[in-house]
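Presented below is the structure to which this report refers.
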Amino acid sequence: MTEPQITPELIAAHGLSPDEYTRILEIIGREPNFTELGIFSAMWNEHCSYKSSKKWLRTLHTEGPQVICGPGENAGIVDIGDNQAIVFKMESHNHPSYIEPHQGAATGVGGILRDVFTMGARPIAAMDSLSFGVPEHPKTSHIVKGVVEGVGSYGNCFGVPNVGGEVRFHPAYNGNCLVNAFAAGLIDSDKIFYSAASGVGMPVVYLGAKTGRDGVGGATMASAEFDDTIEEKRPTVQVGDPFTEKCLLEACLELMATGSVISIQDMGAAGLTCSAVEMGDKGGLGIKLRLEAVPQREANMTAYEMMLSESQERMLMVLKPEKEAEARAIFEKWDLDFAIVGETLAEDRFLIEHNGEIKGDLPLSKLASTAPEYDRPWVDTPKASPAPDLPAIDPVTALQALIGSPNYAAKDWVFEQYDTQVMGDTVRRPGLGAGVVRIHGTKKAVAFTSDVTPRYVKADPFEGGKQAVAESFRNLTAVGAIPLATTDNMNFGNPEKPEIMGQFVGAIKGIDAAVRALDMPIVSGNVSLYNETDGTGILPTPTIGAVGLLEDLERDLIAGLPQDGHIALVIGVTMGHLDQSALAYEAFGLEQGRAPAVDLEAELANGTFLRENRAHVKAANDLSDGGLALAAFEMAEAAGVGIRLDSDDIKTLFGEDQARYLVATDATGAEALEALAAEKGITITRVGTFGGDVVRFGTQTAPLAELSAQYRQSFAKAING
């Protein structure tokens, strides 16, 4: 087969700039062949190299006594005591999910699960943060149904509980949905596997499913904007098989227990290329591959196709040679491929052979750690002026505007398609705050949440970045968990636009300030840029996934529901911030004014107070979108009791001031909390009572049953038309 001639058009089609191509010529001293061009394209694209974001990612706080492994590996790891640790990460599969919703979302789940179990952990929980266009858009219903089906089918078949997440709708996502997948696993702290290769002449082994042509060029596609050629990109979307992934999990964990593994790496973005280069580069070694040994499910595959395929359910491993027979037997037992496809080299070389021909011969380190790095020009987002007062609205109508929107209606339609109870350790399911999973055979549990409010980030990236972390801190705290650490999924538009890069920089600075103040270091993450269609970008969406620990489930968990007669109290100061609020957007279509300020000292103090005095609390919820009114309704509706709030003031009810919690407790608990708060200088306010069968704001009332029906039905109605 004659390889294509390297032309400026072919170089551009591979996402490489003229300057980058000139740099390639300088590095290798000649023109690359077609396969080598593809390899540089894969390793130097935004998705794999982080070339626009590395400068700023390095500034993030990533260390702490609880951190075993920070950014740079397949996933981050935090200590939970007793020689146990949690491995976790969040990654995007945005572009593939817009092109082919079911497979895009499914393979996003598969990829993040492999990131976790390639380190030796057994996955125990999954979440997803989903952002879609408005329901009226002609593509939204199709995308939502496909994505939810893809997430559910892969996770359900694999056998991991989906315990949380979020779903939002906004016109900014009409042409570019976001699918951010999170997974966490449990591991013994002394049995962690890393990806750095070691030893010269060690066998490089291909594990798992066969290689096909699906996903060729996927990483490059994920690093470009969409335009009217979007349908041509469909072949770049991978196809997943969760049953094979389940076998791969069991085979890998069994293999790891034998002591056979020197290093292991998931074949994710850029497939065989990226996994081989990362293993070699981290270990300071070269890699030689013989592609005729790669298991293939399609005939006559070229070196280019094999190196860039993103076929799923595959791993690459450096093996102790004396363990080959034992390792091979394990994979054959699980009906998976096991093939020695190369070896480690002493020199800095990535040598690729196919049927006796050299198809690539490149300096390996130049593909990874010395990939291009850009200091993109950026400008601060202008400070917004305060928005004018909202038009008059009564509080019941205001609440109906929220619960009648798919953004704030119950998400049962989504969660009921996910298996939330598989493995039998789910303590708290999706739907109201953080998910909680028991650590089997112990008193401990782990809590998970994902949070971001893109409206805030657009208005003020710094405060919005802080708020995303602060809300995750509150969600964990509200179930009684000690927040441990975070992962970030930085979804933004085109970084070559200074205003977009400014959003990214501002959000990074805000996230960093918050994770330092709240002791929740960033231990893993993902950057997804160029989320634009025809020049129109998404809302800046830096999603924060967070993990917290309950050291004694029976003692620490706050998971009750309010009961008739319980007193409602708010911890924290209410000032009535309605700029950029859910009410302004849902009731009036307004996105004006400033994001709410985030006082990190208050966040820490109020959260610590709640957690230390949880024995006096029967139920708790953090206050965020929709303020007191929405949080009180959600708690009451879940318990099947009414709520009577003393105020009918819209600012008091729907303001989105931060660092606040709504708690329900009995009279004795309320008095104890008030006395303790006075001692600590914490603001706590009685705001009403739970009970009855109506929702009352001051003198305004509505039957709970009618509001509940609207709340439970609105999401499905929006999606199904």
Do Glu166 and Arg168 sit within salt-bridge range, that is, some charged N less than 4.0 Å from a carboxylate O?
-> yes

Go through the structure and list residues passing ring pair (Phe, Tyr, Trp, His ring centres under 6.0 Å) with Trp56, not counting sequence neighbours.
-> Trp378

Would you kindly say whether Asp512 and Thr59 are connected by a side-chain donor-acceptor distance under 3.5 Å?
-> no

Is the backbone of Gln417 close enough, under 3.5 Å, to the side chain of Asn156 for a donor and an acceptor to pair up by distance?
-> yes

Smallest separation among heavy atoms of Thr62 and Val523, with atom names = O-CG1, 4.5 Å

What are the two closest non-hydrogen atoms of Ala75 and Ser524, and how far apart are they?
-> C-CB, 4.2 Å

Quick one: does Gln467's side chain have a donor or acceptor within less than 3.5 Å of a partner on Val452's backbone?
-> no

Quick one: closest heavy-atom pair of Met127 and Gly165, and the distance?
-> SD-N, 4.1 Å

Can you name the nearest heavy-atom pair linking Met279 to Leu316, along with the distance?
-> SD-O, 3.6 Å

Are Ser189 and Gln84 linked by a side-chain donor-acceptor pair shorter than 3.5 Å?
-> no

Does Arg290 use its side chain to pair, donor to acceptor, with the backbone of Val294 at less than 3.5 Å?
-> no

Is any NZ, NE, NH1 or NH2 atom of the basic residue among Asp552 and Lys444 found under 4.0 Å from an Asp or Glu carboxylate oxygen of the other?
-> no

Taking every non-hydrogen atom, the tightest pair across Thr477 and Ile558 = O-CD1, 4.2 Å

Is the shortest distance from a Lys or Arg side-chain nitrogen in Arg314 or Asp266 to a carboxylate oxygen in the other one below 4.0 Å?
-> no

Determine yes or no for a side-chain-to-main-chain donor-acceptor pair under 3.5 angstrom, with His93 supplying the side chain and Ala105 the backbone.
-> no

Do Glu313 and Lys210 sit within salt-bridge range, that is, some charged N less than 4.0 Å from a carboxylate O?
-> no

Under the ring pair (Phe, Tyr, Trp, His ring centres under 6.0 Å) test, residues paired with Phe492 that sit two or more places apart | Phe504

Can you establish whether the number of heavy atoms outside Asp335 located under 6.0 Å from its atom CG is more than 12?
-> no

Of Ser198, Ser195, Ser263, the one forming a side chain to side chain donor-acceptor pair (under 3.5 Å) with Lys282 is Ser195

Side-chain (Thr107) to main-chain (Val239) donor-acceptor, under 3.5 angstrom = no

Examine distances only and state if a side-chain atom of Glu73 and a backbone atom of Pro71 form a donor-acceptor pair shorter than 3.5 Å.
-> no

Assess the side chains of Thr118 and Gln265: does a donor N or O sit below 3.5 Å from an acceptor N or O?
-> no

Heavy-atom distance under 4.5 Å between the side chains of Val67 and Ile77, does that happen here?
-> no

Within-4.5 Å side-chain heavy-atom neighbours: Met43 and Ser49 | no

Would you check if there is a donor-acceptor pair between the side chains of Ser365 and Asp281 at a distance under 3.5 Å?
-> no

Without hydrogens or angle criteria, can the side chains of Thr211 and Tyr206 be said to hold a donor-acceptor pair below 3.5 Å?
-> yes

Residue set satisfying salt bridge (charged side-chain N to carboxylate O under 4.0 Å, His left out) with Lys191, at least two apart, ordered chain then number -> Asp188

Do Leu130 and Cys177 touch side chain to side chain, with heavy atoms closer than 4.5 Å?
-> no

Within 6.0 Å of CZ in Arg429, more than 12 heavy atoms from elsewhere | no

Show me, pair by pair, the donor-acceptor contacts under 3.5 angstrom made by side chains of residues 180-187, not counting sequence neighbours?
from, atom 1, to, atom 2, distance (Å)
Asn180, OD1, Asn491, ND2, 2.8
Asn180, OD1, Thr543, OG1, 3.0
Asn180, ND2, Asn94, OD1, 3.4
Asn180, ND2, Asn491, OD1, 3.2

Which residues share a side chain to side chain donor-acceptor pair (under 3.5 Å) with Asp451, sequence neighbours left out | Thr449, Asn475

With Glu245, which residues qualify under salt bridge (charged side-chain N to carboxylate O under 4.0 Å, His left out), at least two apart?
-> Arg114

Ion pair Glu603/Arg474, N-O distance below 4.0 Å = yes

Which atoms form the tightest heavy-atom contact between Ala470 and Leu518, and what is the distance?
-> CA-CD1, 4.0 Å

Side chain of His440, backbone of Thr442: donor and acceptor closer than 3.5 Å?
-> no

Salt bridge present between Lys333 and Glu254 (N-O < 4.0 angstrom) = yes

Look at Lys89 together with Glu91 and state whether they make a salt bridge at an N to O cut-off of under 4.0 Å.
-> yes

Is it the case that more than 12 heavy atoms not belonging to Glu554 sit under 6.0 Å from its CD atom?
-> no

Indicate yes or no: does Lys320 engage Glu324 in a salt bridge with an N to O separation below 4.0 Å.
-> no

Would you find a donor on one side and an acceptor on the other, under 3.5 Å apart, between the side chain of Ser260 and the backbone of Ala327?
-> no

Can you check whether Thr258's main-chain N or O pairs, donor with acceptor, with Lys323's side chain at less than 3.5 Å?
-> yes

Given Arg614, Lys443, Arg611, the one that forms side chain to side chain donor-acceptor pair (under 3.5 Å) with Asp556 = Arg614

